[in-house]
Amino acid sequence: MLYDLFVYLDRIDFPGAGLFKYISFRSGVAIMFALFISTLIGRHIINKLQRMQIGEPVRNLGLEGQMNKKGTPTMGGIIIIISILIPVILFARLNNVYIILMLITTIWLGALGIADDYIKVFKKDKEGLRGKFKIVAQVGLGLIVGMTLYLSPEVVIRENLEVLNSDNVIEEVQIHPSETKSTKTTIPFFKNNNFDYAWLASWAGEWKKEVTWLFFVLIVIFIVTAVSNGANLTDGLDGLAAGSSAIMGVALGILAYMSSHLEFASFLNTMFLPGAEELVIFAAAFIGATIGFLWYNSYPAQVFMGDTGSLTLGGIIAVYAIIIRKELLIPVLCGIFLVESLSVLIQVFYFKYTKKRYGEGRRIFKMTPLHHHFQRPGNAGIQALIQRPYNVVPESKLVIRFWLIGIILAVITIVTLKIR
């Protein structure tokens, strides 16, 4: 919105208007604006939620300090959503297809999360929105994102081409001069680091194009669903999901900037993505919003994000990674989300298996998702050594440790672009 205004002002030589041409300036303003908005409106929204008696329902699971959270306002993800949308609308180019997709993702999953939290809080149904409705909504978003990226003529790449010397060693990397439609993505740890989804449909003959489209859309749907649900499972400790998401946002913003900068793309031997520079502004707003939310959500939390925030954060991270063609790095970057999700799946599978075989269900972890395992006091039994430690880890220390792991994973994610 303001971008077009300042472009016009620059044409008539208005002093300082030219600053809006620079991604670095608009990103810096966006992160400060998002941080300011989240801290400014956060208090007002929390007070409003308290007056509406929108408190988090808490079941007594025997976790240390758990019952102290009872009555804490939830649906605080509204703070994050507003703090992302306003700076992006003001400072990004709204005719950019990538920005449009990110805005749709934020609003779509925000609405889904609000519906889920509304049922939990006002309808007193602890299960919230039925799982099948969540899946349908996430599949719908995946279809929109996948089809847009596959069909839109604005979604193009300039491929990285490796120039080899006589010893078959890469001498230099050149970026192809022409823009092309492509289903290629970046695959880590390999020298020839572009993977084409069309390879999955190489057997389809004359139907190869249609099958490639189908595979691509299905992969997008899976990633969006998995990461958004992973973020939802991670949201169980004060500041854990918000802080982890902010760290991931920093890594994604760096990757987007490098992929949209010709020299960096050549240096890192990754494809160049025209137009993706606008995503740096979205990442800046995302980082500012999540850090600002921590002002109220860090231990002891004054507000919880609820599904309104967690589903939205996970979906944003997933779609962002897909757009900049770094989705194959998600298992590393989103390692926290991945481990939390796997802990639940492993626990459920093992419990059902042992119940069927021995007549009594057994557990690998003291409690899942994984962060609760470290909160549960006492020894869970000798059948699985992984059920240690016996001592409870304080919540604030546990969250910081998860953040540190998240930082390590974010650094590894970026470094993988040169490890081949």
Side-chain angles (χ1 to χ4, degrees), residues 57-67 112 116 119-120 125-139 142 200 215 218-237 240-241 244 307 310-311 313-315 317-318 327-393 395 398-399 401-402 405-406 408-409:
V58 176
R59 292 179 295 164
N60 190 355
L61 301 174
L63 303 178
E64 184 176 334
Q66 180 195 17
M67 298 312 295
L112 176 64
D116 193 25
I119 293 172
K120 288 179 180 177
D125 184 352
K126 64 182 181 180
E127 299 299 326
L129 192 66
R130 294 294 176 262
K132 60 182 179 181
F133 293 116
K134 285 185 183 179
I135 295 297
V136 168
Q138 290 166 334
V139 168
L200 299 174
F215 274 130
L218 288 175
I219 290 169
V220 170
I221 290 172
F222 172 76
I223 293 172
V224 170
T225 303
V227 180
S228 60
N229 288 332
N232 188 236
L233 290 172
T234 304
D235 182 33
L237 300 178
L240 177 56
S244 299
D307 288 357
S310 59
L311 289 174
L313 293 180
I317 290 168
E327 66 271 22
L328 298 181
L329 289 170
I330 284 179
V332 181
L333 177 62
C334 302
I336 298 294
F337 295 169
L338 176 63
V339 171
E340 295 275 26
S341 299
L342 287 177
S343 69
V344 175
L345 293 174
I346 292 170
Q347 185 89 319
V348 171
F349 173 80
Y350 187 72
F351 185 87
K352 289 182 177 179
Y353 169 76
T354 52
K355 187 174 183 178
K356 183 178 180 180
R357 181 166 183 176
Y358 304 111
E360 177 187 9
R362 300 175 182 178
R363 293 174 173 84
I364 293 179
F365 304 99
K366 288 186 280 186
M367 187 176 175
T368 57
L370 183 63
H371 54 262
H372 287 322
H373 166 76
F374 300 100
Q375 285 188 294
R376 191 88 180 216
N379 183 7
I382 60 173
Q383 70 268 25
L385 295 177
I386 198 171
Q387 291 183 344
R388 297 178 181 180
Y390 306 134
N391 298 324
V392 172
V393 179
E395 182 171 348
L398 188 57
V399 170
R401 287 178 177 176
F402 270 79
I405 294 171
I408 294 170
L409 292 175

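Please read all numbers here as calculations on a predicted model, not as lab measurements.
- Counting heavy atoms from C-beta outward, S343 and H373 have side chains that stay 4.5 Å or more apart.
- Residues passing the side chain to side chain contact (heavy atoms under 4.5 Å, CB included) test with F351 are K355, R363, sequence neighbours excluded.
- Note that CG of L370 and CG of L338 are 11.5 Å apart. Values are rounded to the nearest 0.5 Å.
- The side-chain hydrogen bond (donor to acceptor under 3.5 Å, both in side chains) search around E340 returns H371, not counting sequence neighbours.
- Of the inter-residue distances, the one linking S228 atom OG with I223 atom CD1 reads 11.5 Å to the nearest 0.5 angstrom.
- Considering only residues two or more places apart in sequence or on other chains, L233 meets the side chain to side chain contact (heavy atoms under 4.5 Å, CB included) condition with S341, V344, P369.
- Checked against salt bridge (Lys or Arg N to Asp or Glu O under 4.0 Å), R401 has no partners two or more places apart in sequence or in another chain.
- The NZ atom of K352 sits 12.5 Å away from the CD atom of Q347 when rounded to the nearest 0.5 Å.
- Taking CG of D235 as the start and OG of S244 as the end, the distance is 10.0 Å to the nearest 0.5 Å.
- Taking the side chain as every heavy atom from C-beta outward, I219 and L200 approach each other to under 4.5 Å.
- Take A231 and apply the side chain to side chain contact (heavy atoms under 4.5 Å, CB included) test, not counting sequence neighbours, and it matches F337.
- Y353 and Y350 have tilted rings, their planes meeting at an angle from 30° to 60° on a 0 to 90° scale.
- The distance from atom CD1 of I346 to atom OG1 of T368, rounded to the nearest 0.5 Å, is 10.0 Å.
- I336 CD1 to T234 OG1: the interatomic distance, rounded to the nearest 0.5 Å, is 7.5 Å.
- A 6.0 Å sphere centred on CZ of F215 holds more than 12 heavy atoms belonging to other residues, nucleotides or ligands.
- Take I119 and apply the side chain to side chain contact (heavy atoms under 4.5 Å, CB included) test, not counting sequence neighbours, and it matches K123, D125, L129.
- In this structure, the side chains of Q138 and L311 come closer than 4.5 Å at one or more pairs of heavy atoms.
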